[in-house]
Amino acid sequence: MKNEKKEKLEWWKSQGIEPYGRRFNREPIGGLSTERKDSVSIAGRIMTVRRHGKAAFCDLMDWSGRVQIYFKKDILGEEQFEKFKNLDVGDIIGVKGEIFTTHTGQLTVLVKDFILLSKILGTLPEKWHGLRDLEVRFRRRYLDLIVNSEAQNVFVARVKIINYIRSFLSGLGFIEVETPMMHPIPGGAEAKPFITHHNALDMDLYLRIAPELYLKRLLVGGMEKVYEINRSFRNEGISTLHNPEFTMLELYSAYGDYKEMMDLTENLITGIVKQVFNEDKIKFQDTDINFQSPWKKIYWEDCWKNLGIDNWRDINSVKQTLSEKHIDTEGKETLFDLLDLLFKRCIEPTLINPTFVVKFPVETSPLAKSWPDDTSMVERFELFIGGFEIANAYSELNDPVEQKIRFEEELQRPSERPKVIDDDYIEALEYGMPPAGGLGIGIDRLVMILTGCSSIRDVILFPLLRPKQ
RNA sequence: GGGCCGUUAGCUCAACUGGCAGAGCAGGGCACUCUUAAUGCCAAGGCUGGAGGUUCGACUCCUCCACGGCCUACCA
């Protein structure tokens, strides 16, 4: 803390004023208008000060907006004006005054009275360039939010998107539920879990990697349309698309299928684009993404044909294509690892406008219902926007015997996940789960696309960083 | 985890090939009652991320460490 700021703090105390105030009745700054001639009461942070001897203009900011306020000595009187001189950029004050317009026509509040509500002891980042240092923006997000309106906009948009999702789903009869975040057996996705320990029960628990298996138990229980906007945790690398904890929407609709999920996804996201952003196109990085319906649908299998692979199960032709494209296959041996690599490098980057990729191999989808007349494939789609995966959905496998076989087959494949079959889930299926469509949407990534952010850290308030020092 | 890059005043950035570390904003003082990146004048602000090394001399070159960014890997 700087000595000068400490001295200011002491000055306020010496005036018998508590520099950290109490409740103050105020209205949002964003609601002020030039038509108002009555007195107003507002509060917020002083963002700029332009002093002119016996008068001064300041900008006062609250979450709803910013307004210019005008301090005049002949209005405030000697004593109040002296207090004003001891205010700093960054202080939080309450103001009572009247609206007027300046000679340049700017809406301004003439300060009749003000009160200090919170004294700043630090120094705000620079008013013109703002806070650029990414590390500081993430570690001290509060400064980012105070100073960078782009940061404010992103997180306001995030809230609006999530609110829209809730009202959209509620309108379709979905109910929001909460399922455990501490799982005795991690399941519902292929990912490395975080491990924690419960002392009283003396048992290890896993932070959830997906809520899927619990939500489907609720379908067994008769809940027909459920969703959870869930935080899930995966103990893997950090990148512009990956944070160890991330937010997903998962929903399940009894008696539906993956096609229903496809329609729902398209309606939901086009609705967000229209209602929240009032657009049907969004600029992401340097390209326009067109969200207009109908969205493109392609078969996963056709992607390979387009790359010149006639039979994607032929590992040699996959390897050959990878080598022709000079893609390093280090550490990749299985057919599906190689296919995944090829897909990520050669297909994903081309899927800019929303595109459903449909019908996946059963080996990569242990919880999905098989394709009619082709048990080697499943009723599943992934949605890609802006070159990366946004959503994943399928017709849910509700046959307990088949599910058990799929789990057992999964155990045969190498995995870093603990190798335990969730027999409790199988048992639930034995009581009958209705056929259903299920959908997962990566909320952080969706927000990225819609707000033009290139890193997931830009849309998560406090992304995980190593502690400084 | 691997590769590359970055870290200089509270913030945003300079400093050529190794030769006294500089500016704007913020903060301090003075002047100024319609400014809006207010303005004018004055003063102050630094162990250049940390620890070693090379050198007469290091922000600059070398080694190690810390944190971050990008790419890559695992994944969503």
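What you see is a predicted model; the values in this text were computed from it and never measured. In what follows, every chain begins at residue 1, and chains take the letters A, B, ... in the order their sequences are listed.
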Whole-angstrom distance between B/U55 and B/C62, as gauged at atom C1': 12 Å
Residues passing the salt bridge (charged side-chain N to carboxylate O under 4.0 Å, His left out) test with A/Asp38, sequence neighbours excluded, are A/Arg36
Determine, for A/Lys369 against A/Asp257, whether the closest basic-nitrogen to carboxylate-oxygen distance falls under 4.0 angstrom. no
Parallel, tilted or perpendicular: ring planes of A/Phe71 versus A/Phe114, cut at 30 and 60 degrees: perpendicular
Fill in the dot-bracket string of RNA chain B, one character per base: . for unpaired, | for a pair to another strand, ( ) or [ ] for pairs within the strand, taking Watson-Crick or G-U pairs under 3.5 Å. (((((((..((((.....[..))))..((((.......))))......(((((..]....))))))))))))....
Taking the six-membered ring for Trp, does A/Phe246 stack with B/A76 (centroid gap under 5.5 Å, planes within less than 30°)? yes
On RNA chain B, does the nearest nucleotide to A/Glu389 precede the nearest nucleotide to A/Arg466 from the 5' side, or the other way round? Give the residue. A/Arg466
Counting any heavy atom closer than 4.0 Å, what does A/Leu131 reach on the DNA or RNA strands: base, sugar-phosphate only, or nothing? sugar-phosphate
Could you run through nucleotides 28-34 of chain B and give me one letter per nucleotide, 5' to 3': B if any protein heavy atom sits under 4.0 Å from the base, S if only the sugar-phosphate is that close, - if neither? S---BBB
Selection residues 341-352 of chain A - residue pairs positive for side-chain hydrogen bond (donor to acceptor under 3.5 Å, both in side chains), sequence neighbours left out: A/Asp340-A/Lys344
When A/Pro354 is tested against each of A/Val273, A/Ile289, A/Ile269 for side chain to side chain contact (heavy atoms under 4.5 Å, CB included), which residue passes? A/Ile289
Salt bridge (Lys or Arg N to Asp or Glu O under 4.0 Å) pairs, two or more places apart, involving residues 379-389 of chain A: A/Arg380-A/Glu382
Would you be so kind as to tabulate the donor-acceptor pairs closer than 3.5 Å made by side chains of residues 211-219 of chain A, with sequence neighbours excluded?
| from | atom 1 | to | atom 2 | distance (Å) |
| --- | --- | --- | --- | --- |
| A/Glu212 | OE1 | A/Tyr394 | OH | 3.0 |
| A/Glu212 | OE2 | A/Lys216 | NZ | 2.9 |
| A/Glu212 | OE2 | A/Tyr394 | OH | 2.8 |
| A/Lys216 | NZ | A/Glu396 | OE1 | 2.5 |
| A/Arg217 | NE | A/Asp424 | OD2 | 3.2 |
| A/Arg217 | NH1 | A/Leu213 | O | 3.3 |
| A/Arg217 | NH2 | A/Asp422 | OD1 | 3.3 |
| A/Arg217 | NH2 | A/Asp422 | OD2 | 3.4 |
| A/Arg217 | NH2 | A/Asp424 | OD2 | 2.8 |

